[in-house]
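So that the names make sense, note that chain A is the first sequence line, chain B the second, and so on, each numbered from 1.
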2 protein chains.
Amino acid sequence: MTKLTIKDIAKEAGVSTATISRVLNNSGYVSNDIKQHVMEVIRKLNYQPNAIARSLKQEKSRSVGIVLPDMTNPYFMNIARAIQHRCFQEGYHLLFVDTEENPDKEKEALDFLTEKRIEALILAGTGGNREQIQAISGAGIRVILVDRRYSNLKLDTVAEDNIYASKAAIEYLIEKNHRRIGIIGGPQSISTARERRQGAMIGLEEAGIALAPELMVEGDYTRDSGTDALRRLMALPEPPTAIFSANNEMTFGVYLGMQQLGLPLDSIEVVSFGNLEFSSLFRHKLSVIMQNPHDIGEIVGDLLIRRLGGDDSETENQVLVPKLVPYEA
Amino acid sequence: MTKLTIKDIAKEAGVSTATISRVLNNSGYVSNDIKQHVMEVIRKLNYQPNAIARSLKQEKSRSVGIVLPDMTNPYFMNIARAIQHRCFQEGYHLLFVDTEENPDKEKEALDFLTEKRIEALILAGTGGNREQIQAISGAGIRVILVDRRYSNLKLDTVAEDNIYASKAAIEYLIEKNHRRIGIIGGPQSISTARERRQGAMIGLEEAGIALAPELMVEGDYTRDSGTDALRRLMALPEPPTAIFSANNEMTFGVYLGMQQLGLPLDSIEVVSFGNLEFSSLFRHKLSVIMQNPHDIGEIVGDLLIRRLGGDDSETENQVLVPKLVPYEA
DNA sequence: TTGTAAGCGTTATCAT
DNA sequence: ATGATAACGCTTACAA
């Protein structure tokens with residue numbers, strides 16, 4: 001039972017391949033009788049067109065690359081799911097690659113995807129490979145940056161207002177009378193980490209609180225680095241009474257650290273980026289900056305389809321505002 | 001700057017397209033001088049072969065479909081990540097589709113993917129579409145079932161021993177002197193849910209405990225259904241002292257339910273399928289049946305590459321054994 | 001060792 | 001309204 005081609009259908013239906021193609025694509029003229037008949041034959045033989053041949057001929061792959069730092073992170077996958085839905089509706093498929101925050105893997109991924117002739121690229125980048133990303137965009141592949149920005153690259157971007165949210169987090173802690181606030185930041189190669197750090201610093205400055213370098217520690221967005229950061233902070237002569245953590249994984253590590261040190265989980269007030277599902281289940285002082293991955297995904301999906309449809313209007317820069325949810329609300 | 005083709009390279013290098021192709025694929029004979037020269041030209045012009053044209057000619061798409069019920073579930077995405085790595089290494093790309101447990105969407109997904117001429121299909125199915133899955137396999141597309149089985153379909157399967165693990169869970173609770181055990185099962189259309197229910201029933205039977213129908217409630221693997229199940233169980237004249245829950249989302253719902261009802265979180269002993277990350281952070285009596293998504297992914301990845309490489313040996317049925325981790329360990 | 005050319009399954013142009 | 005056929009970019013007999 002070898003794969004059927006358009007020729008088989010043409011022969012069976014007693015018409016030319018051109019006619020079959022016209023029926024398949026609802027293009028050109030074809031009489032109703034023939035149309036019905038052809039569709040009947042197609043159904044009878046259970047013919048499925050070959051998307052690869054079509055792609056070659058039309059020079060359109062109908063595929064979109066999506067490059068993420070961590071495929072197991074529900075934040076990114078909530079974004080991805082919304083995009084996938086939209087693409088599926090429109091007949092596009094997504095090629096996923098997981099870079100594990102590694103710029104070298106990211107480079108390989110970009111090479112791989114360009115060979116696969118993706119029509120667009122959705123990227124939550126590691127921070128590296130600027131030239132290549134630029135080149136990809138220059139080659140006519142639509143690039144949409146998501147969650148993370150690249151300064152100087154004029155590309156569509158959908159991300160959250162990290163500076164605003166971080167500043168709000170610090171203001172919240174200050175209002176609660178905290179003055180020594182530990183700041184656990186992420187890798188400065190990543191734009192979100194830079195922005196969250198910056199927002200926090202602005203918050204402190206505007207409140208007239210001097211920046212204490214020993215209270216600012218840099219993790220790498222992993223759980224272990226959060227635990228480590230907590231240990232360092234609590235080992236200070238004058239430890240913080242509150243902590244601002246730049247992502248959810250590190251915050252998880254912070255609580256594990258408290259447990260290891262025998263500190264009550266509510267002895268330190270924490271504000272953290274990212275949705276932390278368990279937070280509703282126990283009494284600790286954890287406030288959360290809720291992000292909007294699903295909304296981001298929908299916006300990216302719409303923008304993507306518009307761009308693929310030929311929309312050449314100016315580069316868009318969409319900003320969503322995360323919401324601070326205090327722990328007692 | 002229109003896309004370069006093999007002809008451009010051939011002209012520039014002063015050789016035929018066949019030679020370029022040979023260099024590109026390390027196939028046939030080509031003298032070292034020419035090889036060097038061609039590679040030089042390729043690099044200079046930054047030529048990238050067109051994977052679509054190659055696919056058409058070779059009748060190999062180098063693509064693999066992966067159909068999952070929930071792309072945001074870290075369990076499935078841990079599986080997927082391991083597969084993605086392996087595929088990427090081998091030059092295959094993955095087409096993801098999320099079915100949201102909906103058999104109709106699954107059907108659309110399968111149609112979509114066969115048009116895209118996937119060479120293999122990784123499926124964590126909804127339970128429906130048996131004929132189509134059979135047909136896909138019959139058409140020479142390698143099918144690997146993951147996590148969930150289809151009885152009567154002779155297909156490679158990599159899954160966990162749900163019956164054994166569920167039985168062990170019940171035995172554990174019985175050993176802790178529980179006699180009234182609430183069982184929160186999943187949708188019986190899904191094989192894992194059926195198996196987990198069955199294992200639990202075997203455990204009770206072997207201990208000589210009569211099955212109490214009112215203690216067996218069926219959820220749908222969602223958080224809300226877990227909360228709902230707890231409410232129903234606690235409304236019984238004689239509520240259970242322990243609960244066996246068939247997945248992690250429902251367990252989360254159970255704890256939310258306890259909180260809503262004002263029950264102390266450690267007033268009921270729970271054993272649950274699935275990794276529950278927060279469980280280490282607070283004192284409740286939650287034991288967990290740890291699954292092995294990463295291992296599953298690696299096994300599937302290896303099997304997949306073997307099958308794509310032409311391994312036609314008998315259908316494999318790999319079974320991993322999840323481990324019960326008691327809450328005090 | 002290298003080149004020529006047919007062909008993969010479509011679509012689209014040009015006739016008819 | 002329908003049909004022939006060239007072309008998409010590559011691989012691979014077959015020839016030289």
Legend entry - side-chain N/O B/Asn50 vs D/dC8 OP1/OP2, d < 4.0 Å: no
Inset, instruction - Please state whether the phosphate of D/dC10, meaning OP1 or OP2, lies under 4.0 angstrom from any side-chain nitrogen or oxygen of B/Tyr47. - result: yes
Inset, instruction - Check whether any side-chain N or O of B/Glu119 sits under 3.5 Å from a backbone N or O of B/Arg62 as a donor-acceptor pair, and report yes or no. - result: yes
Base, sugar-phosphate alone, or nothing: which one does [X] contact when heavy atoms must sit under 4.0 Å apart?
{"X": "B/Ile52", "answer": "nothing"}
{"X": "A/Thr5", "answer": "sugar-phosphate"}
{"X": "B/Ser55", "answer": "nothing"}

Legend entry - Span of DNA chain C, from the first to the last nucleotide whose atoms fall under 4.0 Å of chain A heavy atoms: C/dG9 to C/dA12
Quiz: residues 27-40 of chain A side-chain donor-acceptor pairs under 3.5 angstrom, not counting sequence neighbours:
| from | atom 1 | to | atom 2 | distance (Å) |
| --- | --- | --- | --- | --- |
| A/Ser31 | OG | A/Ile34 | N | 3.4 |
| A/Lys35 | NZ | A/Asn26 | OD1 | 3.3 |
| A/Glu40 | OE1 | A/Arg43 | NH2 | 3.2 |

Using whole Å, what does the distance between atom [atom2] of nucleotide [N] and atom [atom1] of [X] come to?
{"X": "B/Asp8", "N": "D/dG9", "atom1": "CG", "atom2": "C1'", "result": "11 Å"}
{"X": "A/Lys116", "N": "D/dG9", "atom1": "NZ", "atom2": "C1'", "result": "15 Å"}
{"X": "B/Ile9", "N": "D/dT11", "atom1": "CD1", "atom2": "P", "result": "13 Å"}
{"X": "B/Tyr29", "N": "D/dA15", "atom1": "OH", "atom2": "C1'", "result": "16 Å"}
{"X": "A/Arg117", "N": "D/dC10", "atom1": "CZ", "atom2": "P", "result": "7 Å"}

Legend entry - Pair B/Asp98 + B/Lys105, salt bridge at N-O below 4.0 Å: no
Legend entry - Heavy-atom pair of closest approach, residues A/Arg149 and A/Glu160: NH2-O, 4.4 Å
Inset, instruction - For B/Thr126 and B/Arg148, work out which heavy atoms get closest and say how close. - result: CA-NH1, 4.3 Å
Inset, instruction - Compute whether any side-chain donor of one residue and acceptor of the other, for B/Arg81 and B/Gln84, lie under 3.5 angstrom apart. - result: no
Inset, instruction - Could you check which of D/dG3, D/dC8, D/dA1 has an atom nearest any side-chain atom of A/Ala18? - result: D/dG3
